2 protein chains.
Amino acid sequence: MDHPQGISDTIPNPSVRRLSAYLRHLENLAACGATRVSSKQLAEYIKGGDAQVRRDLALFGQFGRRGVGYEVQDLIQVIRTILGTRVQWNVVVVGAGQLCQALLRYRGFQDRGFTLVGAFDTDPRKIGTQCGPVTIRHIDAMAEVIRKNEVRLAILTVPVQAVQHTAEKLVAAGIEGIMNFASASLDVPPHVHVNQVDLTAHLEQLSYQVSNPQTP
Amino acid sequence: MDHPQGISDTIPNPSVRRLSAYLRHLENLAACGATRVSSKQLAEYIKGGDAQVRRDLALFGQFGRRGVGYEVQDLIQVIRTILGTRVQWNVVVVGAGQLCQALLRYRGFQDRGFTLVGAFDTDPRKIGTQCGPVTIRHIDAMAEVIRKNEVRLAILTVPVQAVQHTAEKLVAAGIEGIMNFASASLDVPPHVHVNQVDLTAHLEQLSYQVSNPQTP
DNA sequence: GTATGTGAAGTTATTCACAGCG
DNA sequence: CGCTGTGAATAACTTCACATAC
């Protein structure tokens, strides 16, 4: 389906990823009291070209002013609308290790549209522990928490052996998006989206880049 | 410069990222005792096509056997050679919060070529704390640790306001690659590589995907 | 039969460059 | 003038399809 104006309803994946980056910079600018921003400034933030930025933003409408730039607050709202984070998302964390604790205590999620409403584990020693704003509960209580809080997103920080099995529980409970920190590919139904976060891979990319200096 | 055989000495960025994913799957396979793998199997892991996998692997030589597949151990060695992780890298962490603790206690880095040799902060209450295998030290001791251990990579987990200033200290101490968890773009000399890790962005991608079901 | 390696074709994404508006 | 929005050109990446080897 085509939109009346030249607005595509299918946004290229690289653009969607960059939208998050723009949003981070806009948040920083807003915190500093800036009201306007140019494609040039946003381009510097993502270390890309200004044409790239304008293309990305033009994908879903025209709200820059020629000769002037973009309104910071407007752009924040527009990007949050695209990303779906003008509404608050409830999120659960499964696997109550150190990483889970770090995530639960991290302040940034809340302001950006994500509320961590529960954390689960099977280890009896962890259950009952208070961790930031939530208490660790047994994984058997998970489905109920997900249903009652209309949770659609989950963060998986369980060990690699447990990850597929846990993902299945999440899917059965109605979860539609999973951020997975374990190094295993999840087998889930097509309507469930998985986002793999591999911290080792990030170090490996650096190792590659540092070992191959010609790489730009 | 061209290589004698059809081997490019410049590997496309998406391919380098996939190499890490292949490596994770190969590690899993090796742990299960598998000795061979096909492009089809690797493709399933990354949810891509088998031609893609073969292209990626053919970028740096031919070591599959037609009609058979690839040797798991060989492939592990080859990919680690490309990524530069057959040698061990010493890494420091700056910013001794919860995330730092999670990273220091994470077992996966060591086996994959990364040894965390130090962690630093400015908060006097944190200094002296034992955290996994290392003790938190004052940031003034950082340059010496980096020099003595020939550290080239660093992980930044300091708050966003401190990040540029801390990055400069790292660069001055000779660091060449930075994994940055703060939502700010670092201004560093061109020989220093930065890898931005934005956990909020990952949730935003999921939010977008879940909100736009038609997206494949 | 099975699975790789790779030209050729196709697709997607980025950059150029400039018209158009403030 | 400055900065956006965008066709047109370019570059990057992916997929097809098949010869080749086991």
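Here is the naming used below: chain letters follow the sequence lines, and residue numbers restart at 1 for every chain. Just so it is clear, the model here is predicted, and its values are computed rather than measured.
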Grab the N/O contacts between the protein and nucleotides 20-22 of chain C below 3.5 Å, and write none if there aren't any.
from   : atom 1 : to    : atom 2 : distance (Å)
C:dG20 : N3     : A:R66 : NH1    : 3.3
C:dG22 : O4'    : A:R66 : O      : 3.3

Handout entry: Inter- and intrachain pairs under ring-ring contact (aromatic ring centres under 6.0 Å, His included), touching residues 24-55 of chain A, at least two apart
Key =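 Residue pairs with at least one partner in residues 24-55 of chain A: A:H25-A:Y45.
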
Practice task
Go through the side-chain N and O atoms of B:Q77 and B:Q73 and say whether any donor and acceptor fall under 3.5 Å apart.
Solution key: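 Result is no, nothing qualifies.
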
Exercise for the section: Ignoring hydrogens and angles, state whether a donor on the side chain of B:R17 or A:Q205 is under 3.5 Å from an acceptor on the partner side chain. Expected result: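 Side-chain D/A pair, B:R17 to A:Q205: absent.
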
How many whole angstroms separate atom [atom1] of [X] from atom [atom2] of [N]?
X	N	atom1	atom2	result
A:K40	D:dG5	NZ	C1'	18 Å
B:F63	C:dG5	CZ	P	7 Å
A:N13	C:dA13	CG	P	7 Å
A:L19	C:dA13	CG	P	13 Å
A:R36	D:dT4	CZ	P	11 Å
B:I11	D:dC13	CD1	P	12 Å
B:L59	D:dA12	CG	P	14 Å
B:F60	C:dG5	CZ	P	11 Å

Practice task
Step by step, work out the salt bridge (charged side-chain N to carboxylate O under 4.0 Å, His left out) result for A:R54 and A:D50.
Solution key: CA-CA 6 Å; A:R54 292 196 298 277; A:D50 52 344; 3.4 Å; yes

Exercise for the section: Search all heavy atoms of B:S183 against all heavy atoms of B:V160 and return the closest pair with its distance. Expected result: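 Looking at all heavy atoms of both residues, the closest pair is O-CG2, 3.8 Å.
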
Problem - Atom of A:A30, atom of A:I76 and distance for their closest heavy-atom approach - result: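 Result for this residue pair: CB-CD1, 4.0 Å.
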
Problem - Min side-chain heavy-atom separation B:L153-B:F114 under 4.5 Å - result: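 A side-chain contact exists here, since the closest heavy-atom pair is under 4.5 Å.
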
Exercise for the section: Establish, with yes or no, whether the OP1 or OP2 oxygen of D:dG5 is under 4.0 angstrom from a side-chain nitrogen or oxygen of A:Y70. Expected result: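 Affirmative; the distance criterion is met.
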
Exercise for the section: Report yes if a side-chain nitrogen or oxygen of B:S39 is closer than 4.0 Å to either non-bridging phosphate oxygen (OP1 or OP2) of C:dT4; otherwise report no. Expected result: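 For B:S39, the contact criterion (side-chain N or O under 4.0 Å from OP1 or OP2 of C:dT4) is met.
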
Handout entry: Sub-4.0 Å heavy-atom contacts from residues 41-57 of chain B onto DNA chain C, ordered by number
Key =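 Output list: B:R54, B:R55.
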
Handout entry: Reference residue B:D198; test salt bridge (Lys or Arg N to Asp or Glu O under 4.0 Å); the match among A:R112, A:R18, A:R24
Key =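 Of the listed residues A:R112, A:R18, A:R24, the salt bridge (Lys or Arg N to Asp or Glu O under 4.0 Å) partner of B:D198 is A:R24.
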
Exercise for the section: Tell me, yes or no, whether the heavy-atom count around B:K47 atom NZ, taken from other residues, nucleotides or ligands under 6.0 Å, exceeds 12. Expected result: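 Counting neighbours around NZ of B:K47, more than 12 heavy atoms of other residues, nucleotides or ligands fall under 6.0 Å, so yes.
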
Practice task
Under 4.0 Å between any heavy atoms, over every strand shown, what does A:R18 touch: base, sugar-phosphate, or nothing? Just pick one.
Solution key: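 Sugar-phosphate: the residue A:R18, judged by heavy atoms under 4.0 Å, touches backbone atoms but no base.
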
